[in-house]
Asker: 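Please find one structure pasted underneath; my questions will follow.
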Amino acid sequence: MRYPYVLPPLPYAYDALEPVISAETLHFHHDKHLAAYVDNLNKALAFSPELQAKTLTQLLRTLYEVPAELRAAVINNGGGVYNHLLYFDQMAPGGPTAPMGPLAAAITETFGSLDGFKTELTTAAMGQFGSGYGWLVCDDEGKLSVVKSANQDCPLAQDLWPILNLDVWEHAYYLDYQNRRGDYVDKWFSLINWNVAEKRYVR
Ligand code: MN3
């Protein structure tokens with residue numbers, strides 16, 4: 001994926017994730033918030049052919065090569081596009097309720113159990129002050145960890161490969177849960193499309 005960026009359709013029906021996430025939330029989150037990140041990323045890159053030539057992943061991995069005057073816009077809007085595409089892709093109704101294969105083994109090895117992983121990601125997501133994400137990432141050796149990030153910062157910039165992310169910006173849950181971030185986080189785990197996570201892990 002590279003410039004000019006286009007808004008891909010939501011990979012399922014807007015009401016597919018109800019009752020955990022409402023169609024109204026997904027309309028705003030995908031059609032307004034993500035669309036704005038796509039538009040603003042294109043504007044930020046409009047006069048930079050060398051940045052246009054990079055894939056989005058390359059761009060976020062080499063932020064140090066982005067001119068200082070564009071860097072904040074690329075971090076915020078490039079991250080906003082990448083992070084949201086992952087967020088929407090990794091959710092699905094009625095998928096497998098647990099990972100299988102190499103990711104399952106790695107989760108057990110790192111966190112003790114799937115519940116151990118959920119506890120750690122919940123702690124990260126709840127501990128993120130203000131807007132941001134909780135993440136399941138791995139390093140180049142496939143070693144898993146849970147991290148949190150502020151705003152639209154993406155772990156790619158730290159040479160970490162994102163496997164799952166949990167958007168805890170208020171726009172992700174406020175219509176459905178108001179200030180109850182914990183209820184949203186708790187229910188969100190039931191939406192994880194473990195097939196997508198597994199594919200990202202064994203890439
Ligand atoms: Mn969001």
Side-chain angles (χ1 to χ4, degrees), residues 1 5-45 56-57 59-60 63 71-93 95 118 121-137 146-158 160-194 196-197 200:
M1 186 176 209
Y5 293 90
V6 294
L7 177 67
L10 193 69
Y12 32 74
Y14 285 90
D15 62 359
L17 305 183
E18 290 187 345
V20 177
I21 298 174
S22 67
E24 188 182 21
T25 290
L26 282 181
H27 272 292
F28 278 105
H29 203 172
H30 177 274
D31 304 356
K32 304 293 184 193
H33 290 278
L34 175 52
Y37 290 119
V38 170
D39 287 347
N40 288 326
L41 180 58
N42 284 331
K43 283 179 192 156
L45 301 183
L56 183 55
T57 300
L59 193 59
L60 293 171
L63 291 170
R71 198 170 298 143
V74 170
I75 290 170
N76 292 334
N77 297 297
V81 173
Y82 185 96
N83 300 345
H84 282 102
L85 291 178
L86 173 59
Y87 176 74
F88 291 125
D89 273 351
Q90 70 186 357
M91 297 191 289
K118 289 178 179 175
L121 184 55
T122 298
T123 300
M126 296 305 292
Q128 173 54 42
F129 181 77
S131 297
Y133 292 80
W135 300 83
L136 175 65
V137 297
V146 163
V147 297
K148 62 184 176 181
S149 66
N151 304 314
Q152 294 297 349
D153 292 359
C154 181
L156 285 170
Q158 276 79 49
L160 295 169
W161 178 249
I163 298 169
L164 290 171
N165 70 6
L166 171 47
D167 187 340
V168 291
W169 283 59
E170 285 188 342
H171 66 229
Y173 64 87
Y174 207 86
L175 291 174
D176 300 323
Y177 298 91
Q178 294 77 49
N179 61 329
R180 301 188 307 279
R181 183 188 285 192
D183 289 353
Y184 158 70
V185 167
D186 186 48
K187 290 179 181 162
W188 175 84
F189 283 99
S190 70
L191 299 177
I192 296 174
N193 184 338
W194 286 104
V196 170
R200 289 187 67 89

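Just so you know, ligand 1 is whichever comes first in the structure, and atom 1 is the first atom listed for that ligand.
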Asker: For Tyr173, run the side-chain hydrogen bond (donor to acceptor under 3.5 Å, both in side chains) check against Arg180, Arg181, His29 and tell me which one passes.
Answerer: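 By the side-chain hydrogen bond (donor to acceptor under 3.5 Å, both in side chains) criterion, Tyr173 pairs with just one of Arg180, Arg181, His29: Arg181.
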
Asker: What residues, two or more places apart in sequence or in another chain, satisfy side-chain contact (heavy atoms from CB on, under 4.5 Å) together with Asp186?
Answerer: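 By the side-chain contact (heavy atoms from CB on, under 4.5 Å) rule, Asp186 matches no residue at all.
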
Asker: For the Mn ion (ligand 1), count the protein N, O or S atoms found under 2.8 Å away.
Answerer: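 Near the Mn ion (ligand 1), the number of protein N, O or S atoms below 2.8 Å is 4.
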
Asker: Would you say Leu34 and Phe88 make side-chain contact, with heavy atoms under 4.5 Å?
Answerer: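 When only atoms from C-beta onward are counted, Phe88 and Leu34 do touch, with a gap below 4.5 Å.
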
Asker: Considering residues at least two apart in sequence or located in another chain, which fulfil the side-chain contact (heavy atoms from CB on, under 4.5 Å) criterion with Ala125?
Answerer: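 So Ala125 forms a side-chain contact (heavy atoms from CB on, under 4.5 Å) with Leu166, Val168, Val185.
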
Asker: Can you name the residues that form a side-chain contact (heavy atoms from CB on, under 4.5 Å) with Asp89, not counting sequence neighbours?
Answerer: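 Asp89: side-chain contact (heavy atoms from CB on, under 4.5 Å) contacts with Pro11.
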
Asker: Any side-chain heavy atom of Leu121 sitting closer than 4.5 Å to one from Phe189?
Answerer: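 Touching, per the 4.5 Å side-chain cut-off.
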
